[in-house]
Structures are given as C-alpha cells and as structure tokens.
Amino acid sequence: MNKQSQWKSSTGFILASAGSAIGLGAMWKFPYMAGIYGGGAFLLMFLVFTIFVGLPLLIMEFTVGKMGRTYTTKIYEKLTKKRWLNVIGWNGNLAVFILFGFYSVIGGWIVIYIINVAFQILTFSNDQLGSIAFETIIGNPWLTITGQGIFILLTMIIVMMGVEKGLEKASKFMMPLLFIFLIVIVIKSFSLEGSMEGLKFILEPRLEDISMEGVLFALGQSFFTLSLGTTGMITYASYASKEMTIKTSAVSIVAMNILVSVLAGMAIFPAIAAFGYSPTEGPGLLFKVLPKVFDQMAFGQGFYLIFLILFLFAALTSSISLLELNVSNFTKNDNSKRKPVAFYASLLVFMISIPATLSFSSLSGIQFGAGSIFDNMDFLVINILMPLGALGTTLVVGQVLNKDDLKAHFGKDKFKLFMPWYYLVKFILPVIIVLIFIAQFI
Ligand code: TRP
C-alpha cells in the first residue's frame, strides 16, 4: 500500500489541525509566560503576533501542504526543484523531536495528577486537592519518567492506528466540553475573594511592562500555540482533501486558540490573586493553582478529574501531530511502515525526554544558557528552530514559488485577501522574523 493518508472529510482536517494547535501551549504555557512577562501587556503582544504574523503563516503552511501533497522532508524539493531546500523540512523534524521531548514532561505531569485524583476519589479521601504536592511529584525521577512514558505510549498507540480512524469523533465532543469546563473555572475563579486584582493583571495592558524579552517570547508563544515553523501544519494539510478550505480553517483555528488562551488566563490569574500566589511561578503555575479552585467547588474532585482528562486529551491531540510528522517523513507515505516508524520514533522521543524530566529533579543542578536542560530544549525549539523554519518557508513561498500557482491553491477569494497576504509573506514577515530573531542575541 503506497498511498498518502487522507482525512475523511474537511471537518476531519479542521478538527485535527485545531487539535494540534490547542494544547499545552494555550492552557499551560500561555498563563505562565503571561505571568512572567507583564500579564496584559503580554496578552496584547500575543494577540497582535497571533493575528498579524501567526494567521498569515498558518495560511502559508496550509497552502504549501495543499500544493505539495507529500511529506515535509521532500515537499520543498517537489515544489521548487531545489533539493537543498528540504533542509527546512529536516529542521522542522528535528524541532519536533526535541519539542515532543519536553512536551511529554508536562503531559506526564497531567497523567500523574489524573492517577492521584482518581486514587483520592476511589479511596473516598477527604484530602484537599490543593494538598497534592507539586514539588514532591515533579522532584520524583521515577514517577515523572513513568508519567511521561505513559503519555508517549498513549500518543504512539493512537498514531499507530492511523489518521483516518480514531480521533475525529472524539474531538467533536471533547473540545466543546473543554471550553465549557474552562468557562466554569473562570466563573468560579471570579467568585473568589480578591480575584479582581488578577483579572486586571491579565486584561489590562500596561505598556510600561513591555520588554524586548517579552516581545520575543510573545512571538514564540504565537508560533508555538499555532504549531508553526516545524512543518507540522504542512503535514496535516498535505493529508487534506482537495476541497479543504484554507482560510476558514486557519481563521477558526486562530480564533479558538485565542479563546482558549484568554480563558486559561482568566481562569488562572484571578485565582492566583485570590490565593496569594506569585504570577511568576513558572511551569508549575497551572498545576499549583487549579486544584485550589476545584477545592472550592461541590464535587471538586470529580470535576477536577474530568478537567484533567480533557486537558490530557488536548495535549494528546497535539503530541499526536508531533509524532505524525515523523511517521509521514520516515514512512515516506508508505503506510505499511507506520507501526515500526511510530514505535522507533517514540522510543527515541522517550530517550530525549528523560533528561528533560530530570531537569526538575536529579539534574536540576545542571544550569547553562537558558537555564536547565528543559529550559534549553524549550529555548532551542521555540526561539531558534521554529523561527528559522518559519523564515525558510516564507522565503520559499515569497521568493521561489510561482505567484499564480499559489493563487490557484489559495482557494476562492471573496474578500480579495490573496494580494495582501502574498505581500505580507513576501516582504514583511521575513523581516519581522529576522529582526526579532537577531534581537534576542543582542
Ligand atoms: N501547538 C501545540 C500546543 O500548543 C504545540 C506544538 C508546537 C506543536 N509546535 C507543534 C504541535 C508542531 C504539533 C506540531 O500545545
């Protein structure tokens, strides 16, 4: 069987790429980055970048995937006849390995929390959810390695089953349910005493809080949540059927991502203020604060468990796309190799992820460059490999590909958006990416 995998329907494509986008980025990373880089100021920069840089880049990746219809370590050659340009695909593939390596650490934390809370429920424990000791958990090497092993294993099993089966049906109710849960948490969070300070912190853009570093991380955040720069979205678009609607899909994915990020912020910051945490807590923020919010609810344990399962699902639909990119590149569209490739890629990711996990325990003493091993992996992917990948694709699309070909794949253009989009990708976005990229080294 030598046939390109395909989505069953265009909704399948939207659900899968939305699933890839919405994940830990919006719910876990956004709040803690916003906490460090000025709250409302960070939100504002994030919105600007997501709409004016992220959205056009997402449309660009979808267009490239639709035009090339093959795996991303080949697609650049296929489209431009220049073999060396495949380096952009390899850059993305490398990025995705490292990304999955540290992503699975957080996925593993969710798994451990699920087990913890389920255990509380099954033993009719009266313990507060807030008593789950975050530091003790992440400081335990074996526990965290097991947790992330389970996360990677779950991803692997789903990917082995193939894109056409599986998740499309599940995401149709899991995602809306996640929205509803977020809204409930936001409402609960608002009702806490002293919460309004937190709401002000995340919604009020105090321009004096904008720093060069914040600008850099806000751009990185918009790339990360939209899964840009790693060719992951190109892969998904290459699986899509001819009638896929690029612009509607991209706009709805961007809108959902913004919505989830903002909801996550509005769920967390009021609670931070109410419980007296510091917004600069870092990666543990969500895991420390949310249990306390659920402690304030009737049936808090049960609701927290459901929330964690939805959260895990959102993280899995992202990690699936990370693994799917490898499957696509290493099977070279030969679906009969899907299982062994998924297995070996997962094994490699597991090995890469171990030092990332241990950054929070036995290897926490190793500090260099951006911080711990985990921090450096995060920095390498988000601040270096992703911008480079995005830059590479903008250059190919703007400087090498034929404008009329692009226009033909852009789809129906009721609002005459092709030309503005094209000039943005050709002239403006590469400059913005280069400037911000260089700024971090100054
Ligand atoms: N967007 C995902 C999230 O927010 C993470 C992610 C970043 C990703 N880059 C990717 C997923 C590339 C798949 C492919 O959680």
Side-chain angles (χ1 to χ4, degrees), residues 13 15-34 46 49-50 54-55 57-58 61-62 65 71-72 88-89 91-110 151-152 155 158-159 163 167 171 175 178 217-239 250 253-254 256-265 283 286 310-329 345 349 377-390 393:
F13 164 70
L15 286 172
S17 33
S20 164
I22 297 169
L24 298 178
M27 290 169 61
W28 157 78
K29 201 168 177 60
F30 174 77
Y32 95 74
M33 298 297 278
F46 169 72
F49 285 138
T50 304
L55 177 61
L57 289 178
L58 187 59
E61 291 210 3
F62 284 167
Y71 53 98
T72 60
I88 307 169
N91 170 77
N93 205 140
L94 173 69
V96 154
F97 260 109
I98 305 171
L99 201 161
F100 198 176
F102 71 81
Y103 208 80
S104 64
V105 174
I106 315 301
W109 293 353
I110 306 176
F151 183 77
I152 296 171
T155 309
I158 301 167
V159 169
V163 291
L167 291 177
S171 17
M175 286 297 185
L178 185 63
F217 282 100
L219 181 72
Q221 178 65 22
S222 69
F223 278 24
F224 186 79
T225 47
L226 293 176
S227 310
L228 292 169
T230 60
T231 70
M233 289 305 204
I234 299 182
T235 305
Y236 268 13
S238 79
Y239 291 166
I253 290 166
V254 166
M256 281 190 266
N257 235 307
I258 290 178
L259 188 65
V260 174
S261 302
V262 172
L263 283 177
L286 179 99
L310 295 169
F311 188 27
L312 179 68
F313 181 83
L316 279 171
T317 52
S318 302
S319 62
I320 286 162
S321 75
L322 294 166
L323 189 55
E324 185 63 42
L325 178 103
N326 282 294
V327 168
S328 174
N329 282 338
V349 166
M377 288 166 76
D378 177 315
F379 184 86
L380 176 62
V381 172
I382 298 179
N383 293 37
I384 308 219
L385 301 179
M386 281 187 164
L388 282 181
T393 309

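Indexing begins at 1, ligand by ligand and atom by atom, following the structure's order. Note that the structure is a prediction, hence the values are computed from the model and not measured.
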Quick note on ligand 1: atoms under 4.0 Å from a heavy atom of L322 include exactly 8 (C), 10 (C), 11 (C), 12 (C), 13 (C), 14 (C)
CG (L226) and OG1 (T50) are apart, to the nearest 0.5 Å, by 6.0 Å
Among non-hydrogen protein atoms, atom 2 (C) of ligand 1 lies closest to S20 O, 3.2 Å
The reported gap from CZ in F100 to OG1 in T230 (rounded to nearest 0.5 angstrom) is 13.0 Å
d(L219 CG, I382 CD1) to nearest 0.5 Å is 11.0 Å
Counting from 1 in the order shown, the ligand 1 atoms closer than 4.0 Å to a non-hydrogen atom of T225 are 1 (N), 4 (O)
among protein heavy atoms, the one nearest atom 15 (O) of ligand 1 is Y103 OH, 2.3 Å
Task: Intermediate values then yes/no, side-chain contact (heavy atoms from CB on, under 4.5 Å), V349 and F97 - done: CA-CA 6 Å; V349 166; F97 260 109; 3.7 Å; yes
At under 4.0 Å between heavy atoms, what of L99 touches ligand 1? The answer is side chain
CG (L58) and CG (L228) are apart, to the nearest 0.5 Å, by 5.5 Å
Please work out which of the three classes, parallel, tilted or perpendicular, describes the rings of F13 and F62, given edges at 30° and 60°.
perpendicular
*Polar proximity ligand 1 side, L228 side, N/O cut 3.5 Å exclusive*: no
OH (Y236) and CD (E61) are apart, to the nearest 0.5 Å, by 13.5 Å
Quick one: does W28 get a heavy atom under 4.0 Å from ligand 1?
no
For ligand 1 and S227, I'd like to know whether there is a polar contact (N/O to N/O, distance under 3.5 Å). yes
For M386, the ligand 1 atoms with a heavy-atom partner under 4.0 Å come out as 7 (C), 9 (N)
Among non-hydrogen protein atoms, atom 12 (C) of ligand 1 lies closest to T230 OG1, 3.2 Å
Output for pair (D378 CG, I98 CD1), nearest 0.5 Å, gives 11.0 Å
Looking only at protein heavy atoms, what sits closest to atom 6 (C) of ligand 1 is F224 O, 3.5 Å
Assess the side chains of S227 and S20: does a donor N or O sit below 3.5 Å from an acceptor N or O?
-> yes
Within the 4.0 Å heavy-atom cut-off, what F223 brings close to ligand 1 is neither
#### Entry: Pair Y71-L325, side-chain contact (heavy atoms from CB on, under 4.5 Å): steps then yes or no
CA-CA 8 Å; Y71 53 98; L325 178 103; over 6 Å; no
Check: Do any nitrogen or oxygen atoms of G25 come within less than 3.5 Å of a nitrogen or oxygen of ligand 1?
Finding: yes
The atoms of ligand 1 lying under 4.0 Å from a heavy atom of S321, numbered in the order shown, are 11 (C), 13 (C), 14 (C)
| query | Do any nitrogen or oxygen atoms of V96 come within less than 3.5 Å of a nitrogen or oxygen of ligand 1? | reply | no
If you measure every N/O of A21 against every N/O of ligand 1, is any gap under 3.5 Å?
yes
